[in-house]
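A note on names: the letters A, B, ... follow the listed sequences, proteins ahead of strands, and every chain is numbered from 1. Please read these numbers as outputs of a predicted model, since none were measured by experiment.
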Protein chains: 2
Amino acid sequence: MVTLNDVAERANVSKMTVSRAINHPEQVRDELRTSIMQVMQELHYQPNAAARALVSRSTRVIKLTIFEDMDTTEPYYMMLLAGISNELNRHQYALQLATSNSYQVGECDGYILTGIRQKDYAWVEQLQQPVVFFGRNQQGYDYVDTDNYQALYESTRYAISRGYEHLVFVGIDVDEPFEYDRETGFRDAVTESGVSAQLVKLANHCHVATDYVQQHWAEFPKNTAFVCASDRLGIGIEDGITLNGGKVPDDYGVIGFDGVLLNQIASKRLTTMQQPLEVMGRAAAKLLLSNIQHPHERQDQEKIIIKSRLSTAESTR
Amino acid sequence: MVTLNDVAERANVSKMTVSRAINHPEQVRDELRTSIMQVMQELHYQPNAAARALVSRSTRVIKLTIFEDMDTTEPYYMMLLAGISNELNRHQYALQLATSNSYQVGECDGYILTGIRQKDYAWVEQLQQPVVFFGRNQQGYDYVDTDNYQALYESTRYAISRGYEHLVFVGIDVDEPFEYDRETGFRDAVTESGVSAQLVKLANHCHVATDYVQQHWAEFPKNTAFVCASDRLGIGIEDGITLNGGKVPDDYGVIGFDGVLLNQIASKRLTTMQQPLEVMGRAAAKLLLSNIQHPHERQDQEKIIIKSRLSTAESTR
DNA sequence: CTGTTAGCGCCTTCAC
DNA sequence: GTGAAGGCGCTAACAG
């Protein structure tokens with residue numbers, strides 16, 4: 001292993017000069033600095049991160065902690081990872097993955113947290129380093145989230161603009177703020193334009209949505225659009241319609257929400273509100289790094305709300 | 001920050017005794033050890049990983065390097081991550097994510113590599129730490145891979161056993177060993193049983209497969225099964241069949257390969273050879289850790305080939 | 001069994 | 001501008 005010392009000897013300077021050439025180049029004579037740089041290249045010198053961390057108390061490592069079993073984790077986290085990773089790389093930080101049951105090995109300069117439940121907050125509070133959440137929270141921590149209200153408001157408006165006259169909101173059967181935001185977005189859009197509408201909440205699975213359509217088919221006149229709180233529900237709904245002989249998109253419209261997986265896979269492409277996950281990942285990383293550089297009081301909670309974009313496809317006319 | 005020293009003082013011993021209580025408990029009197037443990041608890045002592053790494057030259061960090069743009073990365077890597085992460089956690093190692101353009105920050109004890117191209121091998125060779133590949137390689141590095149031959153052999157046999165009398169292999173249009181293995185698996189199964197068969201290679205997209213069926217529909221008599229080299233192709237094929245009025249699974253069978261995403265999403269479930277990605281991730285981690293503990297020569301290349309399992313669903317009878 | 005000494009590689013502080 | 005000394009937190013090696 002090549003150390004600072006090795007470089008110093010070869011360059012005929014003290015190791016301090018080498019250290020300075022790296023960390024405070026302006027304090028070293030140009031001539032010396034370039035010759036030191038050259039020696040570092042020749043020797044393939046790589047600073048020892050552990051030694052740096054030990055003395056500087058900064059690790060240049062960010063931990064992403066996912067409070068869910070990785071096994072059941074949505075694959076779309078991959079896009080999030082990409083965003084976080086891209087941004088961290090730009091600033092020469094490393095990304096370390098952890099789960100709630102991870103053995104905590106090694107320090108870090110900050111955390112990005114996602115999938116937190118109520119019982120996990122005790123752990124969060126005890127953290128010494130800055131924290132950014134992925135997803136809304138009411139505990140005053142900075143967070144990045146998607147604009148659930150806007151997403152459903154806009155997709156509903158879109159359905160109406162395409163001439164569908166009866167709207168059904170297919171929500172997810174959970175008691176979470178994000179779900180209420182989506183519901184409210186739908187309600188507001190519907191109220192404004194005065195079309196007829198109904199709401200239902202289902203478990204977030206394709207087949208549940210399909211069964212729902214099967215059982216309630218009589219309730220849906222032609223010219224109905226289903227505005228769904230997830231793409232899984234959207235796909236299930238579309239299937240149910242087809243099974244009943246309904247025509248998509250001519251007589252029935254379907255709009256999903258999330259838009260991560262399906263574009264690559266599903267054969268019939270679903271119109272969907274697409275969360276820009278890569279952007280959201282980058283935003284979370286950026287926010288965290290800024291908190292690390294400028295430690296601020298917990299008073300002013302920073303909320304970064306990112307809008308989804310409608311991606312139109314074959315399930316709406 | 002609580003250090004060894006703090007614990008030592010509070011427990012009225014030297015810091016070495018505390019260090020030993022942690023790393024070599026058997027060398028410390030039971031009584032002393034328990035009292036030290038208690039003090040550590042009280043003080044919430046956490047060993048400083050940087051200091052440990054510095055002195056022991058072991059970081060307990062494993063890097064997963066994905067040689068693809070994260071942006072385009074298959075979401076199924078998430079399952080791989082889960083497997084790797086689970087296994088590493090069991091052994092108290094941390095997982096660090098890197099991409100080819102990552103700034104190399106910090107050391108690690110070993111690498112798991114995936115998505116490598118020819119031009120990346122120079123980088124790999126210069127690594128000091130043990131390496132395990134995800135996916136076959138001919139450079140002599142240990143690797144974990146799925147058994148492509150077996151997967152297609154078995155799915156083909158299955159199709160035949162279900163009474164389909166004409167078989168079509170829908171391969172991926174790439175010049176890679178894994179593709180030839182799949183093709184050979186198909187050929188062998190077909191030859192053994194003497195059914196009629198044909199092969200085609202397509203770009204790995206749903207719609208390409210659908211178009212293919214559309215254009216060649218006349219070639220496919222009833223009782224044809226399509227054995228596909230990916231689930232995307234499988235879905236596209238199934239769609240094509242349906243569009244031509246073919247009945248799946250009664251008159252036409254479709255079998256995919258991969259089986260990661262779709263079970264959660266697609267409404268019509270595809271019969272598919274499912275790669276146990278979580279298991280493969282764990283295997284890669286296990287192999288790497290074993291290489292770290294017992295450094296061996298590069299002579300005997302360890303190959304871990306993991307079999308896929310058929311997951312039968314609605315696209316075959 | 002337990003304590004003392006020394007040093008891992010780097011950076012801060014203080015001399016020159 | 002540059003160098004020397006000291007110490008970050010921990011552990012291996014040697015004393016006792």
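- Of the candidates dT2(D), dG9(D), dC11(C), the closest approach to any side-chain atom of V28(A) belongs to dT2(D).
- Here L54(B) lies in heavy-atom contact (under 4.0 Å) with a base.
- Within a 6.0 Å sphere centred on CD of E26(A), heavy atoms belonging to other residues, nucleotides or ligands number more than 12.
- Atom pair E107(A):CD and dC8(D):P shows a separation of 16 Å (rounding to whole Å applied).
- In terms of position on DNA chain D, the residue among K15(A) and R29(A) whose nearest nucleotide sits closer to the 5' end is R29(A).
- Of all nucleotides listed (dT4(C), dC10(C), dG9(D)), dT4(C) comes nearest to the side chain of S14(B).
- We find that CD1 of I22(B) is positioned 10 Å from C1' of dC10(D), with the value rounded to whole Å.
- Of the side-chain N and O atoms in T17(B), one or more sit less than 4.0 angstrom from OP1 or OP2 of dG3(C).
- A straight line from CD1 of I36(A) to P of dG1(D) spans 14 Å, rounded to a whole angstrom.
- Residue H24(A) has no polar side-chain atom (N or O) positioned under 4.0 Å from OP1 or OP2 of dC11(C).
- Between the R52(A) side chain and the T59(A) main chain, no donor and acceptor come within less than 3.5 Å of each other.
- With rounding to whole Å, R52(B) atom CZ is found 15 Å from dC8(C) atom C1'.
- Residue side chain R20(B) reaches the base of dG3(C) through a donor-acceptor N/O pair under 3.5 Å, judged by distance alone.
- Side-chain contact check for S58(A) versus D109(A): some heavy-atom pair is nearer than 4.5 Å.
- Nearest nucleotide to the side chain of L4(B), out of dC10(C), dC10(D), dT13(C): dC10(D).
- Computed from coordinates, the N23(B) CG to dG9(D) P distance equals 17 Å when rounded to whole Å.
- Per the geometry, CD belonging to Q27(B) stands 13 Å off P belonging to dT11(D), to the nearest Å.
- Residue S56(B) is out of contact with every strand shown, counting any heavy-atom pair closer than 4.0 Å.
- Exactly one residue among D181(A), D145(A), N148(A), T146(A) makes a side chain to side chain donor-acceptor pair (under 3.5 Å) with R136(A). That residue is D181(A).
- Taking atom CD of E26(B) as the reference point, atom P of dC1(C) lies 10 Å away to the nearest angstrom.
- Y45(A) has a side-chain polar atom (N or O) that falls below the 4.0 Å cut-off from OP1 or OP2 of dC10(C).
- Remark: the Q301(A) side chain and the D142(A) side chain contain no N/O donor-acceptor pair separated by less than 3.5 Å.
- In this structure, R33(A) does not reach the dG1(D) phosphate: none of its side-chain N or O atoms is under 4.0 Å from OP1 or OP2.
- Between the CE atom of M16(B) and the C1' atom of dC14(D) there is a distance of 11 Å, given to the nearest Å.
- For the OP1/OP2 pair of dC11(C) and a distance below 4.0 Å, the side-chain nitrogens and oxygens of S19(A) include at least one atom meeting the criterion.
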